[in-house]
Amino acid sequence: MSPAHILVVDDNEKACEMLAYLLTRRDYQVTTNTRPIEALKWMRRPGNIPDLILLDIVMPAMDGYEFVRQLRADPTVAHVPVIMLTARGHADDKVAGFEAGADDYLVKPINAAELDLRIRALLARSRAAMPARPASEATVLTVFSLRGGVGTTSVAVNLAVALATLWNIQVPLVDLALKKGHCAWMLNLTPRYTISDLVESKESTVDSEIVENLLLTHGSGVKLLAAPMSPVDAELITPAVLDRTWPHLLTGYPFLVVDAGSDLSELTLIALERAHTVLLMLAPEMLAVKSAFDALQVFDRLGFNRDRIVPVLNTLFPRHGLTPQNVEKALGRPVGTVIPYERTSFVQAINSGRPLIITDPKAPASLAIATLAHKLSAAEMESEEIANPSQLLSMVQKLSQTS
Ligand SMILES: Nc1ncnc2c1ncn2[C@@H]1O[C@H](COP(=O)(O)OP(=O)(O)OP(=O)(O)O)[C@@H](O)[C@H]1O
Ligand SMILES: [Mg+2]
């Protein structure tokens, strides 16, 4: 078994260093963070969820009690066990800690052997209590642009259809471009239910069955969580509303595609933070490149790993666009995929409500999106037994052999 990963949250840098020293000597993998708010955000990113948290109580920006409260309210990390560490040994403090949701409590100065014992006991308890989790959670692919109008929805929809078609699987698509809600239109689905239907719920997460009933099923295998019917209702969709469905979407399927639109709202930031890959859309014109550059700077400031961001250059115009080389130079990093210009077929696809990848899978733009979908999913799906490889899969495989 890999070593348990422990997150230490303490505003005192020296205390963090001391605990990291004690714990690494006992073969734990340790991450420290002196800023609780940042630590909560960091934890929500893929691959960062720790096995256990050691938490100081008195911290300036957010105290340990509030930290645990927020942790327990977030379904993606609510299960992580917490040991509170404090200089205060009063019974009232302990009660407050347990009430907030801590699992154990240790008074400083810390004795290394006792700390190790408590950690082992708590890890054993939490492993035993953990519901059987699927071997892997969905790979989240978030499509985003700061510019708008550069093909974000076209790519999100066609990418979801491509994944479903390539592997004969169901792929949830979440429309978080809340004020536009174009995904349902592009798939010709009547939004009988939308994410708005979760606004009234009092639960922090809802049953899988309820989520399944809200998803609109497309013939390709895509299952859409549609945006609100009216842009006015977008304001009611808070992160808590999204989180009523998120755990189910994450554990029920191998991939989850999000159309994150072109706003940097709290909700899109969550979809970006939780993404394994962010497809950053841009067109070959200066304003789109500037917006993509600005987005990359924001991602840098938020501490996103650069490898997670794939710039996708969508050739929106037949002539006079910047070359991919010039775009790369201006961005300061390579473009992951170029989607060719389609004179009429994208517009026809929108007007007919039938995604391009279905109406014309051999169109250059379809092949570019299918190849991208394959690149993002092949490693995960290769281990699966594919009884009847889809035509799209054979086509993409042939293409990759010849290129
Ligand atoms: N490769 C392409 N070639 C030609 N036209 C394209 C291409 N990609 C997208 N389009 C067209 O660009 C327009 C905008 O596409 P889309 O709605 O997907 O963009 P968006 O970024 O989601 O826009 P919004 O900001 O409004 O949500 C559509 O009319 C679509 O047909
Ligand atoms: Mg859109």
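This is a predicted model, so every value here is computed, not measured. When a ligand or atom number is given, it counts from 1 through the structure's own listing order.
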Show which atoms of ligand 1 fall inside a sub-4.0 Å distance from at least one heavy-atom site of Thr153. 18 (O), 20 (P), 22 (O), 27 (O)

Answer side chain, backbone, both or neither: which part of Ala349 comes under 4.0 Å from ligand 1, heavy atoms only. neither

Which of these, Asn314, Val143, Leu316, has its nearest heavy atom closest to atom 11 (C) of ligand 1? Leu316

Any donor-acceptor pair under 3.5 Å from Asn158 side chain to Ser154 backbone: yes

Between Gln348 and Thr359, does any side-chain donor sit less than 3.5 Å from a side-chain acceptor? no

Please state which part of Ser154 comes within less than 4.0 Å of ligand 1, counting heavy atoms only: side chain, backbone, both or neither. both

Charged N to carboxylate O below 4.0 Å: is that the case for Arg72 and Asp103? yes

Could Arg69 and Glu66 be called an ion pair, given the rule that one side-chain N must be under 4.0 Å from one carboxylate O? yes

With a 4.0 Å cut-off on heavy atoms, is Pro340 in contact with ligand 1? yes

Could you tell me whether a side-chain N or O of Arg244 sits under 3.5 Å from a main-chain N or O of Leu198, the two making a donor and an acceptor? yes

Rounded distance [0.5 Å steps], OG in Ser145 versus CG in Leu279: 12.0 Å

Against heavy atoms of Tyr341, which atoms of ligand 1 measure under 4.0 Å? 3 (N), 4 (C)

Which of the numbered atoms in ligand 1 are below 4.0 angstrom from a heavy atom of Thr315? 1 (N), 2 (C), 3 (N)

Would you mind listing which atoms of ligand 1 come within a distance below 4.0 Å of any non-hydrogen atom of Ile350? 28 (C), 29 (O), 30 (C), 31 (O)

Counting only heavy atoms, which portion of Met186 has something under 4.0 Å from ligand 1: side chain, backbone, both, or neither? side chain

Residue Thr153, metal the Mg ion (ligand 2), N/O/S under 2.8 Å: yes

Are Asp243 and Arg274 within salt-bridge range, i.e. N to O under 4.0 Å? yes

With a cut-off of 4.0 Å, which atoms of ligand 1 are near a heavy atom of Thr152? 18 (O), 19 (O), 20 (P), 21 (O), 22 (O)

Proximal candidate to atom 27 (O) of ligand 1 [heavy atom criterion; set Lys180, Lys179, Arg343]: Lys180

Would you say atom 4 (C) of ligand 1 touches the protein, meaning some protein heavy atom is under 4.0 Å from it? yes

May I ask you to decide whether Lys108 forms a salt bridge with Asp56, counting only side-chain N to carboxylate O separations under 4.0 Å? yes

Salt bridge present between Lys94 and Glu99 (N-O < 4.0 angstrom): no

